[in-house]
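Note on naming: letters A, B, ... go to the chains in the order of the sequence lines (proteins, then strands), and numbering restarts at 1 for each one.
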2 protein chains.
Amino acid sequence: MLNQLHHTAEDMIRHNGGRATAGRIGILAILLAEQQAITHREIEQRLPQEQQLDRVTLYRALEWLAEKNLIHKVTSDDRAWRYHANRDVQSHQHAHFKCTCCAQVICLDKLPVERNWPLPAGYRLQEIELTVKGLCANCC
Amino acid sequence: MLNQLHHTAEDMIRHNGGRATAGRIGILAILLAEQQAITHREIEQRLPQEQQLDRVTLYRALEWLAEKNLIHKVTSDDRAWRYHANRDVQSHQHAHFKCTCCAQVICLDKLPVERNWPLPAGYRLQEIELTVKGLCANCC
DNA sequence: CAAATAAATGCAACAATGTTGTGATTATTG
DNA sequence: CAATAATCACAACATTGTTGCATTTATTTG
């Protein structure tokens with residue numbers, strides 16, 4: 001199963017004209033396997049012992065994956081970015097839930113975010129980031 | 001005028017049972033004078049030369065002010081918190097605009113945020129944080 | 001398949017933001 | 001004015017992320 005994801009990951013990377021290195025494939029496979037958005041640290045922990053990457057390499061791989069729209073970054077209030085695979089390329093809406101107790105972050109893809117809010121005159125909207133905070137089922 | 005704000009600030013602090021120290025009063029007056037949400041660094045810069053505070057003191061004062069609901073923190077994507085005075089105690093809704101060019105953050109208090117979005121079963125909503133990103137009038 | 005090369009990696013050093021512990025200082029109270 | 005509890009300043013540390021550069025590696029080319 002994880003093997004399957006590695007295959008998928010490799011395809012996604014090659015389709016974007018990038019080198020299919022063990023690091024990138026491993027990272028993307030981990031993100032594909034994960035329902036939640038996870039941190040740099042959590043990705044590191046999920047990488048097999050024999051394939052630990054330098055912190056910088058990890059950051060750069062994530063940057064590259066985000067650039068190619070294979071994953072996206074989620075801003076949080078603990079100043080650690082979390083990452084999540086983009087399963088369906090277009091419809092990512094940046095709506096997330098973060099548990100204030102266990103810090104888990106999940107994607108609320110169904111959440112409709114209106115794009116025509118009134119801004120002050122002369123302002124232009126580019127992107128909406130919406131985070132709902134609360135308690136997850138486990139922490140309730 | 002700034003004098004007036006100092007007076008207001010001092011009142012707000014005393015009403016919450018805190019010590020009215022020069023630092024706290026100065027910080028709160030600065031935040032009251034500001035339309036935007038500003039960073040730790042920007043607060044430091046606005047403090048008069050003869051009254052510079054230690055970084056830690058500033059952080060702790062901000063923490064205290066936020067605890068007492070006199071100000072609020074705004075999460076951003078550059079992992080620096082921004083602070084803004086709570087003029088009217090109840091109706092703060094955590095809706096903000098951030099310019100992707102100059103990093104300015106303003107409050108969009110008028111923005112209505114619905115509080116009854118569908119969450120997964122067992123999840124409880126506590127707070128909604130919404131940031132609209134785009135270009136401000138100056139940067140357009 | 002081997003060599004060439006552009007891309008990716010690892011290491012060291014740095015930067016920014018924020019936190020913790022502790023002894024000194026100060027606003028407030030009586 | 002003295003007592004005292006709150007606040008402050010300093011030092012040291014933690015976390016997250018970035019930059020520069022020499023080394024390694026995936027891919028391409030002959």
*For C:dA7, does either OP1 or OP2 sit under 4.0 Å from a side-chain N or O belonging to A:Thr21?*
no
B:Trp81 atom CH2 is separated from D:dT16 atom P, nearest whole Å, by 12 Å
Closest to the side chain of A:Thr57, out of C:dA8, D:dA5, C:dG10, is C:dG10
Between CD of A:Gln52 and P of C:dT9 the distance, given in whole Å, is 14 Å
Here the distance between atom C1' of C:dG18 and atom CD1 of B:Ile43, to the nearest Å, is 14 Å
Note to self: Please determine whether the number of non-hydrogen atoms from other residues, nucleotides or ligands lying under 6.0 Å from atom CD of A:Gln35 exceeds 12.
What the structure shows: no
**Item:** Carboxylate-amine/guanidinium proximity below 4.0 Å for B:Glu42 and B:Arg46
**Value:** no
Report task. Measure the acute angle between the ring planes of B:Phe97 and A:Tyr123, then classify it against the limits of 30° and 60° as parallel, tilted or perpendicular. Result -> perpendicular
**Prompt:** So what does A:Ala20 touch, heavy atoms closer than 4.0 Å: a base, only the sugar-phosphate, or nothing?
**Reply:** sugar-phosphate
Give B:Arg55 one of three labels, base, sugar-phosphate or nothing, depending on what nucleic acid heavy atoms sit under 4.0 Å from its own.
-> base
Regarding the side chain of B:Arg41, the nearest nucleotide among D:dC10, C:dT17, D:dT18 is C:dT17
Atom CD of A:Glu42 and atom C1' of D:dT15 are separated, to the nearest Å, by 14 Å
Do NZ/NE/NH1/NH2 and the carboxylate oxygens of B:Asp77 and A:Lys73 come within less than 4.0 Å?
no
- Query: Between the base of D:dT7 and the side chain of B:Arg60, is there any donor-acceptor pair under 3.5 Å?
  - Reply: no
Could one point to a donor on the side chain of B:Arg79 or the base of D:dT16 with an acceptor on the other under 3.5 Å away? yes
Q. Between A:Tyr59 and A:His40, does the ring centre distance come in under 6.0 Å?
A. yes
Atom CG of B:Asp54 and atom P of C:dT17 are separated, to the nearest Å, by 16 Å
Here the distance between atom C1' of D:dG17 and atom CD of A:Glu44, to the nearest Å, is 12 Å
- prompt: Less than 3.5 Å between a donor and an acceptor, one on the side chain of B:Arg19 and one on the base of C:dT26, is that the case here?
  reply: yes
Between B:Ala22 and B:Arg82, whichever has its closest DNA chain C nucleotide further toward 5' is B:Arg82
When rounded to whole Å, the OH to C1' distance for the pair B:Tyr59 and D:dA9 reads 16 Å
Rounded to whole Å, the CG-P distance (A:Asp78 to D:dA14) equals 19 Å
